Amino acid sequence: MLDSLREKVVLIIKQRPNVTPCLQEICELLKKEVPYYDWVGFYFRNGEKEELKLGPYAGEPTDHVIIPFGKGICGQVALSNQNFVVPDVTAQDNYIACSLTVKAEIVVPLFVNGENVGQIDIDSNTPNPFTQDDERFLEFVTAEVAKIL
Ligand code: SME
C-alpha cells in the first residue's frame, strides 16, 4: 500500500506548482489512504527562530501551531535530525498531546541541502502501528517535497 502511494505523491508534486496546495494534497492523500494515519501534517522552522511552525495538515485542528525546539516529539526531531517513532505516546515524558485519542506518533525530518528545515508528523489512534516501511515511505515523501522547497 505504501509503495503504491509513492507514485501518487510524485504525481501530486509534478501537478501542483505551488508548495502549500501541494503539501495540503499530500497530507490529505496520506490520511485518506493509510488507515492508521489519523493526523498528517508538516511543521517547518519558523524563520531564524528556534521553533517550528505548523504548515499544511489533514485531521483535527491543533492548538500546537508553534513548537519550540526541544519540546515534544516534534521539537526533539528539530534538534536530533533523526526519525522518531513513538509506539506508545503515554510512555514519553517529553510529549505534547494534541488529542486524547492519539496512541502513537512518527516524525521524520525534512532536509534541504542537508539542513533540517522541517518535518512530517503523523499521529495514529492505533497503538504501535508504525514499522520501518513507514519510515522508508516518509523519508521518500520528505525527500520528494524537499525538491520543491
Ligand atoms: N505530539 C506532537 C505535537 C504535535 S501534534 O501531534 C499535531 C509532539 O509531541 O511534538
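Everything numeric here is computed off the predicted structure, so don't read it as measured data. Numbering of ligands and ligand atoms starts at 1, following listing order.
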On a heavy-atom basis, the closest approach of Asn83 and Pro109 is OD1-CD, 3.3 Å
Exercise. Parallel, tilted or perpendicular: which describes the rings of Tyr57 and Trp39, with under 30° parallel and over 60° perpendicular?
Worked result: parallel
closest protein heavy atom to atom 3 (C) of ligand 1 is Ile96 O, 3.6 Å
Atoms of ligand 1 under 4.0 Å from any heavy atom of Tyr43, numbered from 1 in the order shown, are 4 (C), 7 (C)
The answer for which part of Asp121 has a heavy atom under 4.0 Å from ligand 1 is side chain
Cys74 and Asp121 have their tightest heavy-atom pair at SG-OD2, 3.4 Å
Going by the 4.0 angstrom heavy-atom rule, the piece of Cys98 near ligand 1 is side chain
In this structure, atom 8 (C) of ligand 1 is nearest to the protein heavy atom Ile73 N, 3.2 Å
Which of Tyr43, Phe42, Phe44 passes side chain to side chain contact (heavy atoms under 4.5 Å, CB included) with Leu52? It is Tyr43
Correct closest heavy-atom pair for Asp38 and Lys31 would be O-CE, 3.2 Å
- Message: So is Glu105 touching ligand 1 or not, going by heavy atoms under 4.0 Å?
- Response: yes
_Heavy-atom contact check, 4.0 Å cutoff: does Tyr57 meet ligand 1?_
no
Side chain to side chain contact (heavy atoms under 4.5 Å, CB included) with Arg6: of Val9, Asp3, Leu2, only one passes, and it is Asp3
among protein heavy atoms, the one nearest atom 6 (O) of ligand 1 is Asp123 OD2, 2.9 Å
